[in-house]
Amino acid sequence: MRDAERIGADSGRVRSVEASGDMRRRFVATMRIVRRMPRVQVYLPDDLHEELKQRGLPASELLQIALRAELERQDALDETSRYLDELVAEVGEPNQRQRSHADVIARRIRDRSLDRVS
């Protein structure tokens, strides 16, 4: 009895097993870990479902990607809001002239980005 194995770590239950080399190899070779992701039911409009099926797109993968992107977007918005709150606390609210100047800069950036896209 040489090695201690941790079994069931993925399921939250852990127990130690003493095993000899041969026994351990046979056990590991036959052991399967079944791990299932939580399921969520999603409703799609008929036209979107039909388009998805026609194109042979993987709905689950696409939805995971879209959900991750949305969560990242919301995290970025939350972080921006925290940063702006800290900035206002540090330097105060901008006056009307500063706001107008910031609007002009934001429009230039947006327009430049739109020019690159089109």
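Note that the structure is predicted; figures quoted are calculated from it, not measured. These values consider heavy atoms only, across backbone and side chains, with no hydrogens, waters or symmetry-generated copies.
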Partners meeting side-chain contact (heavy atoms from CB on, under 4.5 Å) with E61 (sequence neighbours left out) | P58
Do V88 and V91 belong to the same hydrophobic cluster, where Ile, Leu, Val, Met, Phe, Trp and Tyr are linked whenever their side-chain heavy atoms lie under 4.5 Å apart, directly or via other members?
-> no
Taken in chain and number order and not counting sequence neighbours, the residues that satisfy side-chain contact (heavy atoms from CB on, under 4.5 Å) with E90 are none
If you group Ile, Leu, Val, Met, Phe, Trp and Tyr by side-chain heavy-atom gaps below 4.5 Å, do L62 and L48 land in one group?
-> yes
Within a reach of under 6.0 Å around CG of N95, are more than 12 heavy atoms found that belong to other residues, nucleotides or ligands?
-> yes
Go through the structure and list residues passing salt bridge (Lys or Arg N to Asp or Glu O under 4.0 Å) with R73, not counting sequence neighbours.
-> E70
So, are E79 and R82 salt-bridged, with charged N and O less than 4.0 Å apart?
-> yes
Rounded to the nearest 0.5 Å, the OG atom of S60 sits from the CE atom of M37 at a distance of 6.5 Å
If we only count heavy atoms from C-beta on, is the V42 to L44 side-chain gap below 4.5 Å?
-> yes
Atom CD of E93 and atom CG of L87: how far apart are they, to the nearest 0.5 Å?
-> 9.5 Å
Other residues, nucleotides, ligands: >12 heavy atoms within 6.0 Å of R55 CZ = no
Would one find more than 12 heavy atoms of other residues, nucleotides or ligands at under 6.0 Å from atom CZ of R68?
-> no
Gap separating the CG atom of L67 from the CG atom of L71, nearest 0.5 angstrom | 4.5 Å
Between the main-chain N or O of L77 and the side-chain N or O of S81, is there a donor-acceptor pair closer than 3.5 Å?
-> no
